[in-house]
Asker: 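Pasting a structure here, questions to come.
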2 protein chains.
Amino acid sequence: MTRTEPRPAGPTLAVVARAAAVSIPTASKVVNGRKDVAPDTRRRVTEALDALGYVRRPRLTPRHPPPLIDLVVHCLDSTWSGAVLRGVEEAAHEAGLEVMISGGLTRTRGGRPERDWLDRLALRGTSGVLFNLAELSPTHYAWLEQHRIPYAMIDPVLDPPPGVPAVGAANERGARSAVEHLLSLGHTRIAVVGGYRRKQCSSARVAGYRAAMAAAGLRPRAEYVRYADFDTATARARTHELFALPQPPTAVFACSDPMALGIYQALAELGLRIPQDVSVVGFDDLPEAEWVTPALTTVRQPLREMAATALRQLLRMRDGGAPPGARTELPTRLVERHSTAPPRPLAHDQRLGQRSLCRTTHGT
Amino acid sequence: MTRTEPRPAGPTLAVVARAAAVSIPTASKVVNGRKDVAPDTRRRVTEALDALGYVRRPRLTPRHPPPLIDLVVHCLDSTWSGAVLRGVEEAAHEAGLEVMISGGLTRTRGGRPERDWLDRLALRGTSGVLFNLAELSPTHYAWLEQHRIPYAMIDPVLDPPPGVPAVGAANERGARSAVEHLLSLGHTRIAVVGGYRRKQCSSARVAGYRAAMAAAGLRPRAEYVRYADFDTATARARTHELFALPQPPTAVFACSDPMALGIYQALAELGLRIPQDVSVVGFDDLPEAEWVTPALTTVRQPLREMAATALRQLLRMRDGGAPPGARTELPTRLVERHSTAPPRPLAHDQRLGQRSLCRTTHGT
DNA sequence: CTGAAAGCGCTTACAG
DNA sequence: CTGAAAGCGCTTACAG
């Protein structure tokens, strides 16, 4: 905890008023920018205010939450968070609010935020809380309701209770466009590396994959569908499994860019080239998609805008607006870069490792 | 600006006290965790507090700044800021403080922060302000002093007035280690791409380059020293200039990782391979150094620790500790990855573009 | 332990 | 325009 100790005391309004030779109410008017003050009086008071370094303390009552919103992120130094932070900060600035970074849920135990954090939040007040990628428990929701703290979710892992703003991307459609792109290139043996097996947010992308395959008359084999918990290292391991299959895929759709990076690593370890030997598509369009070689073709998720939208919805509700209907889905867009190409001719029937043999022959 | 309007009013202490059938002072004691309350009374009050969702408002006087610190960053979605944010947040959490993101200086005009931001900062109070990569004007310093707001600088562009904590990395030594590494590989035609020509922070790295060259008995040619304002695109342009020279370098030291990325781009455009044709060393060790191919050899700057250190120094001073002497410099470390190798034999005398001709011959 | 009384640092009518 | 008076939402002694 902070010290509440000595520290040079700033002057009170009374001191300023005395210095300017006016009453306290008059000084108060100047501080609050009221009009009914004579120019000369205003000048004298302003000077005293400046000279003494008066610091105004807003009165904080439950009716007047401080002009700030809380952003809860799990990991502060990911490029994901960077995009979200920027979107939130811009929208907050527009609304005259500042942004407090909350580590509360980061240091969660068993899904429960630190009691300290909750207490402090209630203590200082907030105009609202924005949860990024969060999975709140019923206890959280109850607590927020009880304290009448408005909140909203950015790309929630689970859908929040009805009436709570939740903004995500068009996961199913986005995934579909990724797979359709691979299909149009001529791939049929397309694998998918999903995020969490059971969570709705990532199952929508796998569903998009299935839908695109089905629309092309293809039934994806069970062994082509893997899950890697949105983790780079796990995706790398899954890729090794995929390419140890009797019939490895010719293309892989990763349900997130960080997982695509894991696929890149595994492919490099296997001596397979992207996109000549294997095509890879990601999902997110984080900055690393451009830094990697070859630059990653991926589905762009408008993170900044998602974050800004969530904040605006929160504010609208707080000000008495109607709650948004269901989850808001912002459109995605396929960004074609250099990680995809038509499949290698013989790849269908041969192990991909035996590259040198396949140069001239043609498969199916 | 925010609305200060209706909003469901939280209960006042008086309401809670009435509900618990105690006096206001007694309710106040419970809220403040005082000991002199009977257990049963405390229970009744606590229940009323919870049931009514009472939100405590700390009294904010100049003697009691809110338990929060402000972090001012220029760009929220860079990996640099991510590292700094994380370091600050961790150190702040340790100290029981929360972190407010300030866009104030981001939206600066002519070096002056928005008046709005300054006013608001004074209004709500802060335990201190941390400036990241900032260049403050005398006006800023005066304002901060007048309002008795403690502050510190993380990797300042210009050194702040004496007595103000400033934490950076050992720029000169770090740069020297980068160039010594290239020297030890056998390079002699080593170019440097610096940040800002006139700013102290980046000139220290160029000085390190010169020192290492001099120690090896080499005098760097003037045309091998370029400046690119810490900008990727500019670094790319400078690289094209460098390799249009009659005698292009065999290695380039970039004074930041983002500039190294620009060098990568230019080299790819020129058909030059890293590290076979040209070696590249960066400075920072941001995440992208690992994502790029080949992985970048670079000088690691402990950003998280720099940020945490700046915060701790600020807090120590606020609590009456002695100001740190001069700028604090944290040690750097060369991280060897895959962007450096010995120079190509003939590279000294031939244009690097003519690769195929040089395979078997040997130069100086 | 409890709470009436006084005080703090304002702000809000409102009389002049 | 100005400021005495009343009020707000507490907290701080302190008497019982």
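Since this is a predicted model, take the numbers as computed values, not measurements. The chains referred to below are lettered A, B, ... by the order of the sequence lines, with proteins before strands, and numbering in each begins at 1. Hydrogens, waters and symmetry mates are skipped; everything else that's a heavy atom, side chains included, is used.
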Asker: Checking contacts here: which listed nucleotide (D:dT2, C:dG9, C:dT2) is nearest the side-chain heavy atoms of B:Val37?
Answerer: C:dT2
Asker: May I ask you to evaluate whether A:Ser28 reaches the phosphate of C:dC10, defined as a side-chain N or O under 4.0 Å from OP1 or OP2?
Answerer: no
Asker: Please report, rounded to the nearest Å, how far the C1' atom of D:dC1 is from the CZ atom of A:Arg43.
Answerer: 16 Å
Asker: Can you identify which nucleotide, out of C:dT2, D:dG3, D:dT2, has its nearest atom closest to the B:Lys29 side chain?
Answerer: C:dT2
Asker: Could you state the CG-C1' distance from B:Asp36 to C:dC1, rounded to the nearest angstrom?
Answerer: 7 Å
Asker: Between D:dG3 and D:dG7, how far apart are the C1' atoms? Round to whole Å, please.
Answerer: 16 Å
Asker: For the pair made of CD1 in B:Ile24 and C1' in D:dT12, what is the distance, rounded to whole Å?
Answerer: 14 Å
Asker: I'd like to know if the side chain of A:Arg318 reaches the main chain of A:Pro150, judged simply by a donor and an acceptor atom lying under 3.5 Å from each other, with no hydrogens or angles considered.
Answerer: no
Asker: Could you work out which one of C:dT11, D:dG3, D:dT11 sits closest to the side chain of A:Ser23?
Answerer: D:dG3
Asker: Is the side chain of A:Ser127 donor-acceptor paired with the backbone N or O of A:Ile69 at a distance under 3.5 Å, no angle test?
Answerer: no
Asker: Dot-bracket for DNA chain C, 5' to 3', with Watson-Crick and G-U pairs under 3.5 Å, [ ] for crossing pairs and | for other-strand pairs: what is it?
Answerer: |||.||||||||.|||
Asker: Quick one: B:Leu13 CG to D:dG7 P, roughly how many Å, whole number?
Answerer: 20 Å
Asker: Rounded to the nearest angstrom, tell me the gap between atom CZ in B:Arg18 and atom P in C:dG3.
Answerer: 15 Å
Asker: Could you say whether B:Ala27 or A:Ala38 is positioned toward the 5' end of DNA chain D, judged by the nucleotide with the nearest heavy atom to each?
Answerer: A:Ala38
Asker: If you compare every side-chain N and O of B:Thr26 against the phosphate oxygens of C:dG3 (OP1, OP2), does one of them come in below 4.0 Å?
Answerer: yes
